[in-house]
2 protein chains.
Amino acid sequence: MMTEDSDSGTETAAQTAVLDSTEGSATDAGARGEGGDVSEGAARGVSRRKQESRRKLMAAARKLFVERGYHDTRPQDISREAGVGHGTFYLHFEDKLDCFIAFADEAAKELDEVLQSHLQGKGTLEEVVREVMLATVEYSAVNPGVLASALTDVSVLWKGDVGRKAPATRWAEGWTLILDQLKDVGQVSPDIDTRLAGYLIVGAIKQGGAYAQRDHLDLHVYIDSVTQLFVRALKIQ
Amino acid sequence: MMTEDSDSGTETAAQTAVLDSTEGSATDAGARGEGGDVSEGAARGVSRRKQESRRKLMAAARKLFVERGYHDTRPQDISREAGVGHGTFYLHFEDKLDCFIAFADEAAKELDEVLQSHLQGKGTLEEVVREVMLATVEYSAVNPGVLASALTDVSVLWKGDVGRKAPATRWAEGWTLILDQLKDVGQVSPDIDTRLAGYLIVGAIKQGGAYAQRDHLDLHVYIDSVTQLFVRALKIQ
DNA sequence: TAGGATTATTGACAAATTGTCATTATGGGC
DNA sequence: GCCCATAATGACAATTTGTCAATAATCCTA
């Protein structure tokens, strides 16, 4: 629930990591999606070399998954596009699915950064909702076609245990934290199940984003409408 | 918009086909997802024979896609599970993706039937929302693991043109019709963008259903909470 | 900086999978 | 029963996946 006692709706939801999971994903050892040890800082030498291969593979994978979709993207296509040897792919990923999960995770991490930067100092329910919508729209504009993959339900592709939570789940739980904080400051109705609401919101944004993109909605109208609906659902009646 | 002039909220949304698309899906000729000519009535002889093969393949595909997911299900597994020759798979489907789309479509059609049976004579916003939630919960209970596939965003798997609308899109548009009717009878706020709201609702139900299943939510509580949120978002303020 | 140790890359290869098609089987019509 | 049309089959070729011994790059130490 998170103890928070500010009396008005300011600075409520900032700094809540929404999507970040601080993990890479390689297959060197361990189960699918358990991630390799690609540390964030710029490494040197041997490690630097491996990172560079991985970076090229990830960029190629993103390009092809977005352009052709999962079905029509082959591991060999990814290595060729990346300009590395075929075997290198399997050095970094267990198989195509592992690579896809890594791609989705990377995208989710990027989206989280955009969300963070938008949430600074936003306090009221409407401000928070609007900023998150702005952030997703902004991310989609800069990274066309990536959002849908980033928030895909991997369980349809694979029934195993991903080893960590799916991006959509992490995002939903981030929303739960935000809504709890907003509830504490009287911006969200106390009888709302914030956990469930978090999941519903994420699902709605996924589907709504796909629709807005497909039908070329005016993005300001889109943001206004979604904000309107979310605020009405959540506010104190 | 559909002209409807009853003065109170009864018999509003019944008979609106929500998910049905009245199409099969085979590959005999035509593009992916364009569907074969498997007529509904019980055919005789040669045609009957072909239908029976298809039925066995579809049943096997459903079982394996649900149990193992898309990635770990191979066309050869499906033919073996179905007890037909390997070549028969390719007689009925272009490839694995075509088969998956057929499966998702079949599931969407079934869900639509459940929705239809639940919507008879439900008139108020809350009644409609509650019944749809009941229908999805009921369908998920009878067909564990199928809903997520039925409503999957195929565009992540494949970037081509599916030739007809995806189940989730059809369902969203069904919601739009229902909401328009409810708007006409004063149950839904006139300033709601019903088309967008339809998409948001479908997305929310997808994600919420996955969450409810994964965390074994009490289904009555789940239905109550979702209904509460949807009604608050849509009702006249 | 030579040289040996360590880590990463590579592409040839074996294994597995996909997709085709000539052949065989089944049902319908006469 | 015979012939025609349609469907099923599985052996086969083509493609793709995944492995691994050989090679290359970097690091470390004297």
Side-chain angles (χ1 to χ4, degrees), chain A residues 24 26-32 36-39 42-61 64-65 68-100 102 157-158, chain B residues 24 26-32 36-39 42-61 64-65 68-100 102 157-158:
Chain A
T27 193
D28 298 305
R32 200 191 287 289
D37 45 26
V38 185
S39 46
R44 304 258 161 183
V46 161
S47 171
R48 160 98 187 128
R49 190 174 162 223
K50 185 166 188 180
Q51 266 188 30
E52 183 58 16
S53 287
R54 188 188 170 83
R55 192 196 56 72
K56 284 191 281 191
L57 282 165
M58 291 288 285
L64 295 179
F65 281 137
R68 307 182 184 173
Y70 184 82
H71 180 81
D72 287 329
T73 300
R74 273 155 287 282
Q76 53 177 341
D77 300 329
I78 296 174
S79 354
R80 193 178 316 123
E81 175 76 30
V84 302
H86 171 61
T88 306
F89 177 90
Y90 291 96
L91 189 67
H92 288 273
F93 306 105
E94 191 179 322
D95 55 18
K96 178 165 81 160
L97 177 62
D98 190 49
C99 180
F100 181 82
L157 292 176
W158 187 55
Chain B
T27 193
D28 298 305
R32 200 190 287 289
D37 45 25
V38 184
S39 45
R44 304 261 159 181
V46 166
S47 171
R48 160 96 188 130
R49 191 174 161 224
K50 186 167 188 179
Q51 265 188 31
E52 183 59 15
S53 287
R54 187 187 170 82
R55 191 195 55 72
K56 285 191 283 190
L57 282 166
M58 292 288 284
L64 295 179
F65 280 136
R68 306 182 185 174
Y70 184 82
H71 180 81
D72 286 330
T73 299
R74 273 153 284 283
Q76 55 177 339
D77 300 328
I78 296 175
S79 351
R80 193 177 317 122
E81 175 77 31
V84 303
H86 171 60
T88 306
F89 178 90
Y90 291 96
L91 190 67
H92 288 272
F93 306 105
E94 192 179 322
D95 54 18
K96 178 166 83 161
L97 177 61
D98 190 50
C99 180
F100 180 82
L157 292 176
W158 188 56

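Chain letters run A, B, ... following the sequence lines, proteins first, then strands; residues in each count from 1. Values below: all heavy atoms of this structure, side chains included; hydrogens, waters and symmetry mates excluded.
OP1 or OP2 of C/dT9 has at least one side-chain nitrogen or oxygen of A/His92 nearer than 4.0 Å. Regarding contacts with the backbone of C/dT9, every side-chain N or O of A/Thr88 stays at 4.0 angstrom or more from both OP1 and OP2.
Per the geometry, CG belonging to A/Asp98 stands 11 Å off P belonging to D/dG18, to the nearest Å. Here C/dA8 presents its P atom at 18 Å from CZ of A/Phe89, a figure rounded to the nearest Å. Taking atom CZ of A/Arg49 as the reference point, atom C1' of C/dT7 lies 8 Å away to the nearest angstrom. Between the P atom of C/dT9 and the NE2 atom of A/His86 lies a distance of 15 Å, rounded to the nearest Å. In this structure, B/Leu57 places its CG atom 14 Å from P of D/dA7, rounding to the nearest Å. In this structure, A/Leu91 places its CG atom 13 Å from P of D/dC20, rounding to the nearest Å. In this structure, B/Glu52 places its CD atom 17 Å from C1' of C/dA25, rounding to the nearest Å. Distance B/Tyr90 OH to C/dC21 C1': 14 Å, rounded to the nearest Å.
Under the 4.0 Å criterion applied to side-chain N and carboxylate O atoms, B/Arg55 and B/Glu52 are assigned as salt-bridge partners.
Taking the six-membered ring for Trp and thresholds of 30 and 60 degrees, A/Tyr70 and B/Tyr70 have ring planes more than 60 degrees apart, a perpendicular arrangement.
The shortest side-chain heavy-atom distance between A/Phe93 and A/Arg32 does not fall under the 4.5 Å cut-off.
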Please list, for nucleotides 15-17 of chain C, all pairs of protein and nucleotide N/O atoms separated by less than 3.5 Å.
residue	atom	partner	partner atom	Å
C/dT17	OP2	B/Gln76	NE2	3.3
C/dT17	O5'	B/Gln76	NE2	3.1

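The side-chain contact (heavy atoms from CB on, under 4.5 Å) check on B/Thr88 picks up B/Ser53, B/Leu57, B/Val84, B/His92, with sequence neighbours excluded. By the side chain to side chain donor-acceptor pair (under 3.5 Å) test, B/Gln76 pairs with no residue at all, sequence neighbours left out. For A/Arg80, the side chain to side chain donor-acceptor pair (under 3.5 Å) criterion is met by no residue, not counting sequence neighbours.
Residue pairs meeting the salt bridge (Lys or Arg N to Asp or Glu O under 4.0 Å) criterion with at least one member in residues 82-93 of chain B, sequence neighbours excluded, do not occur.
With DNA chain C read from its 5' end, the first of the two nearest nucleotides for A/Val84 and A/His71 is the one closest to A/Val84.
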